[in-house]
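Just so you know, ligand 1 is whichever comes first in the structure, and atom 1 is the first atom listed for that ligand. The chain is numbered in sequence order, starting from 1.
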Amino acid sequence: MSKKRVVIIGGGAGGAILANNLPFDEFDVTVVDRSPYHYYWPWLLYVAFKGSRKPMKREIRELLKPGVKFIQSGAHSVDLGNRKVILENGKVLEYDHLVIATGSRPAYDMIEGHRKIVEKYGDYHSSEENARRVWSTINSLKQGTFAIAVGGDPYRCPPSPLEGVFLAEEFFRSRGLRDKVRVVFAVPYPRPYPAEPMNEVVEPILEERGVEYITFFTLDKIDEERKVAISMEGEELKYDALVVIPPHVGTDIKISPEDVLTQDRFIQADKFTNNIKGYDDAFVIGDASAVPVAKTGVTAHLQATVVARRLQGEDARNNGRTNCPFDLGYGLGTFVISDYNNPVVKLPPSRFSHMAKLVFAAAYWDMIKYPELWNPIFDAYFEATEPAKLRRIYV
Ligand SMILES: Cc1cc2nc3c(=O)[nH]c(=O)nc-3n(C[C@H](O)[C@H](O)[C@H](O)COP(=O)(O)OP(=O)(O)OC[C@H]3O[C@@H](n4cnc5c(N)ncnc54)[C@H](O)[C@@H]3O)c2cc1C
């Protein structure tokens, strides 16, 4: 029997795990990525606010199991009807099954003035270079207002804007500058964290640490000359340094038919199976999809596992589980845990949750390369921390 040809576009969190989960006696797997590197994006937080120099990227080729083929090229277009992928290097790949795992990317042109402030103050959602700029921004600010603003939905990792706020506050306090530097957080939501149970955990911490926050602040434009961020509601936020969480958009691949894409270029799919709308032989996993789940590596990982099982003939389904580690500063953390049937759990801050975040980061590359060792550990962890169970304890 000939092997089924699986083409995976994107060798990031979702794509690499999926490739390494497929048995080679059954599948001929090709991963295509424009970049030679796989980035561990969550580390941008520690580059930006702790000045970490720890390497946060690995070569994709080195992360994939020896039987997986890797082509370093962008994917230019996908023809879902004719099962073809055309690469930027001109090569055409035919497939039996396609998985798009191209993540999401910052869209700087949605907010007037955004590019200018990224060049000046940096951000922690795009590149190591920009995250290093944030580190030099906070190191050079000795007084005034340091502001972080959410520029619009969606963005990677729902807790990440507030994680930056908590780490910045800790940074200025540790430098003895807290009475000179105001830390301000601006969001378009009615509360600092959009999901109410988690907001009940974080809002008191913001207040206790003297972090100011502005709600219903839908960022419209930034005037760097006057150093003000202006909201659609007409409010002005005066800053000395401003970091904006960029709104993200989906894939740059030309996809036919186009109607599988949303306006922001995310790919529409079944939220349980990740099948691209109308196609049994094509899937989208991770940040590239429009399914209503948080854009996190854990989501990409869980979706990859479901797709691997479906490709092997099982009727596996996603339950929409989220599990985002949330750094609250000062060695404390929590997790944002929910699924399709259960809202976010009100998990109190603990040192254990913070440690779990760092342990996860330390084990990340191993988890990608050896899913067969880590899958049983994850299964046990996800079962023990089911939101329905946790909600009985933490109300
Ligand atoms: C500051 C920050 C903190 C975060 N913290 C956490 C956390 O604590 N926990 C967590 O689970 N998640 C976290 N995340 C989110 C997590 O990093 C992403 O959700 C995850 O990487 C998504 O995986 P993915 O496979 O969908 O996309 P990615 O990992 O981004 O991979 C996409 C790949 O596709 C490639 N690609 C794109 N377009 C093309 C194309 N046209 N042709 C070929 N290749 C292409 C890219 O080069 C890239 O390698 C965080 C993110 C940030 C920015």
Side-chain angles (χ1 to χ4, degrees), residues 7-19 30-49 56-60 63 70-78 85-89 93 99-106 123-128 130-131 134 148 154-164 167 243 245-246 248-255 265-267 274 284-289 291 293-304 321-327 333-337 353-354 356-358 360-361 364 367-368:
V7 172
I8 302 171
I9 313 178
I17 288 178
L18 174 61
T30 304
V31 172
V32 178
D33 201 301
R34 184 178 282 131
S35 163
Y37 299 110
H38 174 127
Y39 287 85
Y40 180 58
W41 297 119
W43 206 253
L44 289 179
L45 193 66
Y46 298 107
V47 176
F49 296 101
M56 53 170 282
K57 67 179 183 196
R58 292 261 172 111
E59 284 203 14
I60 295 176
L63 285 176
F70 176 62
I71 302 177
Q72 196 208 320
S73 169
H76 172 267
S77 49
V78 165
V85 178
I86 299 165
L87 304 186
E88 285 168 0
N89 67 10
L93 302 177
V99 183
I100 302 182
T102 44
S104 58
R105 47 203 171 103
D123 72 16
Y124 54 105
H125 282 76
S126 54
S127 65
E128 267 186 277
N130 284 337
V134 175
I148 293 186
Y155 48 85
R156 277 174 287 171
C157 188
S160 61
L162 267 170
E163 290 186 289
L167 293 181
V243 172
I245 314 301
H248 286 50
V249 291
T251 190
D252 58 0
I253 302 174
K254 194 168 167 271
I255 300 189
R265 303 199 63 80
F266 291 100
I267 302 168
N274 286 90
V284 55
I285 57 173
D287 292 359
S289 94
V291 301
V293 278
K295 302 214 175 294
T296 73
V298 173
T299 307
H301 185 154
L302 291 171
Q303 292 175 340
R321 174 69 193 265
T322 59
N323 190 75
C324 311
F326 196 153
D327 196 325
T334 181
F335 273 80
V336 180
I337 293 180
S353 291
H354 182 256
K357 178 168 173 116
L358 296 183
F360 182 85
Y364 181 76
M367 289 173 197
I368 300 275

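The nearest heavy-atom contact from the protein to atom 44 (N) of ligand 1 is Arg34 N, 3.2 Å. Looking only at protein heavy atoms, the nearest one to atom 29 (O) of ligand 1 is Ala13 N, 3.2 Å. Annotation: atom 37 (C) of ligand 1 to nearest protein heavy atom, Thr102 O, 3.3 Å. At the top of the distance list for atom 27 (O) of ligand 1, counting protein heavy atoms only, stands Gly103 CA, 3.3 Å. When only non-hydrogen protein atoms are considered, atom 40 (C) of ligand 1 lies nearest to Ala75 N, 3.7 Å. Ranking protein heavy atoms by distance to atom 17 (O) of ligand 1, first place goes to Trp41 CB, 3.4 Å. Atom 12 (N) of ligand 1 has its closest protein heavy atom at Gly297 N, 3.0 Å. Looking only at heavy atoms of the protein, atom 53 (C) of ligand 1 is closest to His125 CD2, 3.5 Å.
Between Ser73 and ligand 1 there is a heavy-atom distance shorter than 4.0 Å. The shortest separation from a heavy atom of Pro325 to ligand 1 is under 4.0 Å, placing the residue in contact.
When all heavy atoms of Leu87 and Ser73 are compared, the pair lying nearest together is CB-OG, 3.6 Å. Nearest heavy-atom pair, Ala75 versus Glu88, reported as atom, atom and distance to 0.1 Å: O-OE2, 4.1 Å. Here the closest heavy-atom approach between residue Ile267 and residue Thr251 is recorded as CD1-CG2, 4.1 Å. Closest non-hydrogen pair, Ile60 versus Ser35, comes out as CD1-O, 3.3 Å.
Close approach of ligand 1 to Lys295 is summarised as follows: ligand atoms under 4.0 Å from at least one heavy atom of the residue are 15 (C), 19 (O). Against a heavy-atom cut-off of under 4.0 Å, Gly74 is close to the following atoms of ligand 1: 42 (N), 43 (C). For ligand 1, the atoms closer than 4.0 angstrom to any heavy atom of Ala101 are 32 (C), 33 (C), 34 (O).
Of all the listed residues (Tyr37, Tyr39, Tyr124, Tyr46), Tyr124 holds the heavy atom that lies closest to atom 1 (C) of ligand 1. Taking all heavy atoms of Ile71, Asp123, Asp287 into account, the minimum distance to atom 26 (O) of ligand 1 is reached by Asp287.
Contact of the Leu162 side chain with the Phe326 side chain is registered, since non-hydrogen atoms from C-beta on lie closer than 4.5 Å.
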Step by step, work out the side chain to side chain contact (heavy atoms under 4.5 Å, CB included) result for Gln303 and Val293. CA-CA 11 Å; Gln303 292 175 340; Val293 278; 3.7 Å; yes
Pair Leu167, Asp327 - check side chain to side chain contact (heavy atoms under 4.5 Å, CB included), show working. CA-CA 8 Å; Leu167 293 181; Asp327 196 325; 3.8 Å; yes
Stepwise side chain to side chain contact (heavy atoms under 4.5 Å, CB included) check, Asp252 with Thr102: CA-CA 9 Å; Asp252 58 0; Thr102 44; 5.8 Å; no
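In terms of polar-atom proximity, defined here as any N/O pair under 3.5 Å, Gly286 makes no such contact with ligand 1. On a distance-only criterion, Val298 and ligand 1 share at least one N/O pair closer than 3.5 Å.
Contacts with ligand 1 closer than 4.0 Å are made by heavy atoms of both the backbone and the side chain of Asp33. When heavy-atom distances to ligand 1 are checked against a 4.0 Å cut-off, Lys357 comes that close only through its side chain, counted from C-beta outward. With a 4.0 Å heavy-atom cut-off, ligand 1 is reached by the side chain of Asp252 but not by its N, CA, C or O.
Classified by interplanar angle (parallel below 30°, tilted 30° to 60°, perpendicular above 60°), the ring pair Tyr155/His125 is perpendicular.
Side chains of Arg156 and His248: a donor on one and an acceptor on the other come within 3.5 Å.
A cation-pi geometry, defined here as NZ or CZ lying under 6.0 Å from the six-membered ring centre and within 45° of its normal, does not hold between Lys357 and Phe335.
Residue Tyr37 places its OH atom among 12 or fewer non-hydrogen atoms of other residues, nucleotides or ligands, all under 6.0 Å distant.
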